[in-house]
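Numbers restart at 1 for each chain; the letters A, B, ... are given by sequence-line order, proteins then strands. Just so it is clear, the structure is predicted and the values come from calculations on it, not from any experiment.
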Amino acid sequence: MNADLQVYNSLTRQKELFKPLNPPRVGMYVCGPTVYNDVHLGNLRTFTSFDLIYRWLRELGYSVRYVRNITDVGHLENDADEGEDKIGKKARLEQLEPMEIVQRYTNGFHEAMRIFGNFPPSIEPTATGHIVEQIEMVKQIMAKGLAYETNGSVYFDVREFSKTQAYGELSGRQIDELMSGSRDLDGQSEKRDSLDFALWKKASSEHIMRWPSPWGEGFPGWHLECSVMSSKYLGMPFDIHGGGMDLKFPHHECEIAQNVAATGCSRPVQYWMHGNMLTLNGKKMSKSDGNFVLPGDLITGKHALLSRGYSPQAIRFFFMQAHYGSTLDMSEEALQAAEKGYHRLSQAYSALKELKAEGNENPGVEVWAERCHKAMNDDFNSPILVAQLFEAAKWIQSAAAGNIKLSPKVLQTLNQEFERYFVRVLGLNEIQESSGKEVLEQVMELILEIRREARIKKDWGTSDLIRDRLSKAGIVVKDGKDTSSWQFEF
RNA sequence: GGUCCUGUGGCCGAGUGGCUAGGCUCAGCUCUGCAAAAGCUGCUACAGCGGUUCGAAUCCGCUCGGGACCUCCA
């Protein structure tokens, strides 16, 4: 196990040496989606970032328990008390049971995650499955005198909490600034202070999703489920908590406050990690602003901003070319560049498997492998890793072209490491091979053989006919020095 | 308004106080019946203005631009 992993910790705002609390085990919690709508590409990017992190931790030999929740409770749409339950609203609009909505979008989410090459988490708990635990935590916090009830709702008392504990540390906020910044809220609020947030909300009569509690029928506050489920499955404190940058405040700040209040543990999470936003037209991708692209749109190309579709693998590669902590701007031009780059690596990966050791040259694979490892250990720097893979791709293609002759040992290392980083760490597999590949393989072998003979006879008519017709069928013929190979058109 | 992040070559994107990431595009060459693929070569950028330094794109200040959060959001 390599002990040199550096992780950027949002809490301390610096890179730190990663030291798990109970090695070789690592507990990682990531805020999952709210399933009342389709996930868009921005959501996907964040989850893909944490997939990369998960994969690397595993590669380092850690035994990771990866918990990612499904928010299926539905929360208030706006701050006004008349706000409607999101899932309930959608259910009414679509004439469905709330749980039917939840199921539909959960399925869609899982499907998108699978298509884009993300591993499922170890545990995927739902908020509705942990109502009892959430009520328990509300009770604990109330028992500490850090929450109060008003009209069947329970609020966290931020003022009181901040007398003994830090609030706002993660997001770098000062209580007093927050006070002045949020003064525009109405005075009718049930909250004693505008900074307070709901632990439990009383359900209005129209509310569909509701549960009995000591304070009457209601539903849990948005931040509560994560505090409850992370501590339930990972213990308190635990190693890594991740999520999108936009959740830092107030969500993660409230989560911390809840856990601290309920358990007394002053630092519930050792490493806070935040994935940055995917932007479109320079602006954050966002459901509510209508500035988003759905995964399906991207694959089919049916979107106003796209002229054609892109493969999930190419899109994943596009994500991997940027660091998870940086914003990434999406444009068709950028996607096309990523697609081509991905294609090159994919081709190199295929070529590598066919490569035979023919000499004793070594372009420096040991140093190269070390660089790959270092890149990932430096806060999961996938762009650097990708650059390294291109370096290897150059060697592979040079060897395939006969320009350099690799030694057996070099070839073995190259195979082992390329496979490791390209497939296992970045999650970029070869272009999906269709079923019936073996049959097609043989048929193609025959066709290329016929073409080869035609070419020897300089029967260009036949040769070109074969090439052109295959091209129409989506197969590209690549002529080498004495042999030809083929592949599906990208 | 407050807090914070950011500005890199035609485009996308790493990065470090000194040893010119990488990809895409573009141009030339090699290979080739042609094309494609592949290989080779070329394209030396860090918003602007000051300052610190032997030396800054990298540190500091100011100016201008972009963005995030402060409200549901990955």
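The nucleotide whose nearest atom lies closest to any side-chain atom of A/Ala387 is, among B/G22, B/C12, B/C69, B/G22. Comparing atom distances between the A/Ser326 side chain and each of B/A14, B/C12, B/G33 picks out B/A14 as nearest. Out of B/A74, B/A38, B/G23, the shortest distance to the side chain of A/Asn43 is found at B/A74. The listed nucleotides are B/C69, B/A14, B/G33; the one nearest the side chain of A/Trp460 is B/G33. Among B/C69, B/A74, B/C34, the nucleotide with an atom closest to any side-chain atom of A/Leu247 is B/A74. For A/Ser463, whose side chain is taken as the heavy atoms from C-beta onward, the closest listed nucleotide among B/A14, B/G33, B/A68 is B/G33. Of the candidate nucleotides B/C69, B/G13, B/C40, B/G13 has the atom lying nearest to any side-chain atom of A/Asp329. Here B/A68 is the nucleotide among B/A68, B/A14, B/C40 with the atom lying nearest to any side-chain atom of A/Lys284. In this structure, the nucleotide among B/A74, B/C40, B/G33 sitting nearest to the side chain of A/Lys394 is B/C40. For A/Thr46, whose side chain is taken as the heavy atoms from C-beta onward, the closest listed nucleotide among B/C12, B/A74, B/G13 is B/A74.
Mapped onto RNA chain B by nearest heavy atom, A/Arg13 and A/Ala322 fall at different nucleotides, with A/Arg13 at the one closer to the 5' end.
Between the side chains of A/Arg45 and A/Asn276, not a single donor N or O lies within less than 3.5 Å of an accepting N or O. Side-chain contact of A/Thr279 with A/Asp329: a donor-acceptor pair under 3.5 Å is present, judged by distance alone. Side-chain polar atoms of A/Glu16 and A/Tyr271 form no donor-acceptor pair below 3.5 angstrom. A/His323 and A/Tyr8 share no side-chain donor-acceptor pair at under 3.5 Å.
Note on A/Ser288: a base of the nucleic acid sits closer than 4.0 angstrom, heavy atoms only. Residue-level contact check: A/Gly32 touches the backbone only, with heavy atoms under 4.0 Å from sugar-phosphate atoms and none from bases. Heavy atoms of A/Asp479 sit under 4.0 angstrom from at least one base atom. The residue A/Met245 sits apart from the nucleic acid: no heavy atom pair falls under 4.0 Å. Contacts of A/Leu278 with the nucleic acid, taken as non-hydrogen atoms under 4.0 Å apart, include base atoms. Counting any heavy atom pair closer than 4.0 Å across all strands shown, A/Gly172 reaches sugar-phosphate atoms only and no base atom.
Computed from coordinates, the A/Arg371 CZ to B/A21 P distance equals 13 Å when rounded to whole Å. In this structure, A/Met376 places its CE atom 17 Å from C1' of B/G15, rounding to the nearest Å. Here B/C69 presents its P atom at 22 Å from CD of A/Glu169, a figure rounded to the nearest Å. The CD-P distance, from A/Gln321 to B/A21, rounds to 16 Å in whole Å. Atom NE2 of A/His223 is separated from atom C1' of B/U71 by 11 Å (rounded to the nearest Å). Regarding A/His323, its NE2 atom lies at a distance of 18 Å from the P atom of B/U8, rounded to whole Å. Taking atom CG of A/Asp289 as the reference point, atom P of B/G67 lies 12 Å away to the nearest angstrom. As a whole-Å value, the separation of A/Leu470 CG from B/A36 C1' is 13 Å.
Separation of the C1' atoms belonging to B/G65 and B/C46 is 16 Å when rounded to the nearest angstrom. Nucleotides B/U53 and B/C60, compared at atom P, are 16 Å apart to the nearest Å. Comparing B/A57 with B/U8, their P atoms are spaced 15 Å from each other, to the whole Å. A distance of about 32 Å separates the P atoms of B/U25 and B/G18, rounded to the whole Å. On the C1' atoms, B/A45 is 23 Å away from B/G51, given to the nearest whole Å. For the P atom pair drawn from B/A47 and B/U16, the interatomic distance equals 15 Å after rounding to whole Å. Separating the C1' atom of B/C49 from that of B/U41 is a span of 38 Å, rounded to the nearest Å. Look at the P atom in both B/C26 and B/C11: the space between them is 15 Å, to the nearest Å.
Taking a cutoff of 4.0 Å between a charged side-chain nitrogen and a carboxylate oxygen, A/Lys394 and A/Glu391 do not qualify as a salt bridge. Ion pairing between A/Arg68 and A/Glu124 holds under the 4.0 Å rule for side-chain N and carboxylate O. Salt-bridge formation is not detected for the pair A/Lys15/A/Asp379: no Lys NZ or Arg NE/NH1/NH2 atom is positioned less than 4.0 Å from an Asp or Glu carboxylate oxygen.
Separation of the A/Phe47 and A/Phe116 ring centroids does not fall under the 6.0 Å cut-off.
Interface remark: the A/Asp464 side chain does form a donor-acceptor pair with the B/G33 base, using a distance-only criterion of under 3.5 Å. With hydrogens and angles ignored, a donor-acceptor pair closer than 3.5 Å exists between the side chain of A/Arg467 and the base of B/A35.
The cationic group of A/Arg173 lies under 6.0 Å from the six-membered ring centre of A/Phe249 and within 45° of the ring axis, placing it in a cation-pi geometry.
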Pairing of RNA chain B as dot-bracket, 5' to 3': ( ) intra-strand, [ ] crossing, | other strand, . unpaired, with Watson-Crick or G-U pairs under 3.5 Å?
(((((((..(((.....[...))).(((((.......)))))....(((((..]....))))))))))))....
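When each of A/Phe50, A/Tyr233, A/Tyr29 is checked for a side chain to side chain contact (heavy atoms under 4.5 Å, CB included) with A/Tyr66, only A/Phe50 meets the rule.
Phosphate proximity of B/C5 to A/Asn276: absent, as no side-chain N or O sits under 4.0 Å from OP1 or OP2.
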Between the protein and nucleotides 24-26 of chain B, are there any N/O to N/O pairs under 3.5 Å, and if so, what are the atom names and distances?
residue : atom : partner  : partner atom : Å
B/U25   : OP1  : A/Lys340 : NZ           : 2.8

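Although no hydrogens or angles enter the test, the distance criterion places no donor-acceptor pair under 3.5 Å between the side chain of A/Asn69 and the main chain of A/Pro125.
Atoms NZ and CG, from A/Lys191 and A/Asp196 in turn, are 7.0 Å apart once rounded to the nearest 0.5 Å.
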Assess whether salt bridge (Lys or Arg N to Asp or Glu O under 4.0 Å) is satisfied between A/Asp51 and A/Arg55, documenting all intermediate values.
CA-CA 6 Å; A/Asp51 183 62; A/Arg55 283 166 178 268; 2.7 Å; yes
